[in-house]
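Reviewing the structure listed below.
Numbers here simply count residues along the sequence, with the first being 1.
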Amino acid sequence: MLLFLLLLGIVGPHCTSARTHSIKYFYTASSGVTNFPEFVLVGLVDDVEMVHYDSNTKRAEPKQDWMKVITDEDPQYWERNTQSALGSQQVHKNNIEIVKQRLNQTGGVHINQWMYGCDWDEETGEVKGYDHYGFDGEDFLILDLETETWIAPRPEAVLTKRRWDNDKAQMAEIKNYFTQICPEYLKKYVNLGRSSLMRTEIPSVSLLQKSPSSPVSCHATGFYPDRAAMFWTRDGEELHDNVDHGEILPNHDGSFQMSVALNVSSFPAEHWDKYRCVFQLSGVKDHVIVLDPAVIRTNRGIPSSSSSSSVLHWKLSLSSSLGLDFWFTGR
Ligand SMILES: *[C@@H]1O[C@H](CO)[C@@H](O)[C@H](O)[C@H]1NC(C)=O
Ligand SMILES: *[C@@H]1O[C@H](CO)[C@@H](O)[C@H](O)[C@H]1NC(C)=O
């Protein structure tokens, strides 16, 4: 679980420059989860979902308009990927049964995850690949491309590690995929989606507070890309105490939202105007809001002018909790 959070959340905003592109594939096979497809495959370019397959639809389908035109140069693209996904579905369902046996588990809820992909630095041409397997939210097998071996953090994975370490033909194929094929496709996708992937969208930023004793939450929604930062300052200095940073979450329209809460309960009222919430998005002027009780939106006696935006805020929070986030925190 930590692995997926690390790869998705923390690496996103701070370590990735605008010139670094990434492709990531997530395969999730589950057993014993009701109302959810037992196999789902998603592909993300620069953290934007561009392809989706699941065991209900049984079709690999584009999630972005710019992916639809890939058939201009590769007419069989969707058919080929549908067949490949159908095959993966079988393999991953089997894998769950194999690991369950090794763990002496017969029933219950189990989740098998596979995440792989590569980063490509458009300036330097540098390419980095990664390949991780997880079972029930814990790392299972991790590829070390440098030493061409597998890391097995759990004893149940050692059998597979030994077998795969000795399979030189498989390792050669894997190495070729991560150094040649993966970056080649990533470049193709980035070129198709460039105008959409490289766009900038400015969020609306508001201060929200549930009750007079709750922290004041600075909430930004509608920004793109997700490489953004938000923090509270006092007299121009970034605050670390009394601050609670939320994750960057996806909205359904492809934009992102985030919030940072400030516990104001110990601040005397006359000092409030020393505090500012700052939202930063690369290439755009900082958005700054002064901590002012008059601009805080609450659920108590909502003024008619701001009720629609409160509803909007609620809808966005709800939609993001039903969105992609399930994969990484849903267990
Ligand atoms: C699974 O059960 C078998 C037989 O009951 C036992 O020998 C083995 O140690 C168990 N394995 C684990 C991982 O608990
Ligand atoms: C806010 O700070 C006060 C005093 O420092 C503390 O008692 C309270 O538990 C904090 N509230 C939250 C939600 O962290």
Side-chain angles (χ1 to χ4, degrees), residues 3-28 40-53 60-70 73-74 77-78 81 113-132 177-203 220-230 247-258 279-284 319-320 323-328:
L3 172 80
F4 290 99
L5 291 176
L6 275 172
L7 284 163
L8 278 170
I10 300 164
V11 175
H14 300 295
C15 309
T16 323
S17 83
R19 283 166 277 113
T20 304
H21 298 283
S22 67
I23 186 161
K24 295 173 192 140
Y25 288 100
F26 293 89
Y27 293 50
T28 306
V40 182
L41 186 169
V42 292
L44 287 76
V45 168
D46 292 359
D47 295 328
V48 173
E49 186 183 6
M50 46 55 128
V51 54
H52 179 103
Y53 169 94
E61 288 170 323
K63 295 296 283 184
Q64 301 294 324
D65 284 339
W66 48 263
M67 273 302 286
K68 292 178 184 161
V69 299
I70 196 151
E73 55 173 276
D74 187 354
Y77 181 88
W78 296 108
N81 282 285
Q113 289 164 296
W114 183 25
M115 187 275 197
Y116 65 90
C118 57
D119 293 341
W120 163 56
D121 187 320
E122 204 166 0
E123 295 271 291
T124 65
E126 194 192 342
V127 170
K128 213 169 60 200
Y130 30 83
D131 194 358
H132 303 252
Y177 176 80
F178 285 111
T179 54
Q180 306 294 329
I181 298 171
C182 187
E184 200 176 289
Y185 270 98
L186 173 55
K187 286 171 201 173
K188 187 179 295 192
Y189 299 142
V190 166
N191 284 331
L192 287 176
R194 190 171 290 278
S195 65
S196 167
L197 294 169
M198 304 297 261
R199 77 190 190 279
T200 302
E201 281 179 47
I202 316 281
T221 186
F223 60 88
Y224 186 92
D226 65 349
R227 290 180 286 267
M230 193 155 78
E247 282 178 68
I248 295 183
L249 300 171
N251 288 328
H252 268 184
D253 64 0
S255 68
F256 294 92
Q257 61 167 300
M258 76 190 296
F279 175 85
Q280 293 178 329
L281 190 64
S282 110
V284 180
S319 64
S320 67
L324 261 185
D325 208 32
F326 171 85
W327 306 82
F328 318 116

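- Side-chain atoms of Ser255 and Phe223, non-hydrogen and from C-beta on, never get closer than 4.5 Å to each other.
- Taking 4.5 Å as the limit, some side-chain heavy atom of Phe279 sits within range of a side-chain heavy atom of Leu281.
- Nearest heavy atom pair, residue Val42 against residue Glu49, reads CG1-OE2, 3.1 Å.
- Open room surrounds CD on Glu126; 12 or fewer heavy atoms of other groups in view lie less than 6.0 Å from it.
- To the nearest 0.5 Å, atom CG of residue Asp47 and atom NZ of residue Lys24 are 3.5 Å apart.
- Of all the heavy atoms in Met258 and Met230, the pair that sits closest is O-CE, 3.5 Å.
- The shortest distance between side-chain heavy atoms of Val40 and His52 falls below 4.5 Å.
- Using a cut-off of 4.0 Å between Lys/Arg side-chain N and Asp/Glu carboxylate O, Asp121 and Lys128 are scored as not salt-bridged.
- In this structure, Glu247 CD and Phe256 CZ are separated by 12.5 Å, a value rounded to the nearest 0.5 Å.
- Taking Lys68 as the reference, Asp65 meet the side chain to side chain donor-acceptor pair (under 3.5 Å) condition, with sequence neighbours excluded.
- No side-chain heavy atom of Phe26 sits under 4.5 Å from any side-chain heavy atom of Gln113.
- Interatomic distance, Trp114 CH2 to His132 NE2, rounded to the nearest 0.5 Å: 12.0 Å.
- Distance check: Tyr185 OH to Ile23 CD1 gives 10.0 Å after rounding to the nearest 0.5 Å.
- Leu197 places a side-chain heavy atom less than 4.5 Å from the side chain of Trp66.
- No side-chain heavy atom of Phe178 sits less than 4.5 Å from a side-chain heavy atom of Val127.
- Between Cys182 and Gly117, the shortest heavy-atom distance links the atoms SG-C, 3.9 Å.
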- Message: Is there a side-chain contact (heavy atoms from CB on, under 4.5 Å) between Ser22 and Val45? Walk through the geometry before answering.
- Response: CA-CA 6 Å; Ser22 67; Val45 168; over 6 Å; no

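- The aromatic rings of Tyr177 and Tyr116 lie perpendicular to each other, with more than 60° between the two planes, well past the 30° mark.
- Side-chain contact between Tyr189 and Ile70: present, with at least one pair of heavy atoms (C-beta onward) separated by less than 4.5 Å.
- From Asp74, atom CG reaches atom CG of Asn81 across 8.0 Å, with rounding to the nearest 0.5 Å.
- Atom CE of Met67 is separated from atom CE of Met50 by 4.0 Å, given to the nearest 0.5 angstrom.
- Defined by atom type and a distance below 3.5 Å, a donor-acceptor pair is present between the side-chain atoms of Asp119 and Tyr130.
- Counting heavy atoms from C-beta on, the side chains of Pro62 and Val51 never come closer than 4.5 Å.
- Using modelled atom types, no side-chain atom of Arg194 and backbone atom of Asn191 make a donor-acceptor pair closer than 3.5 Å.
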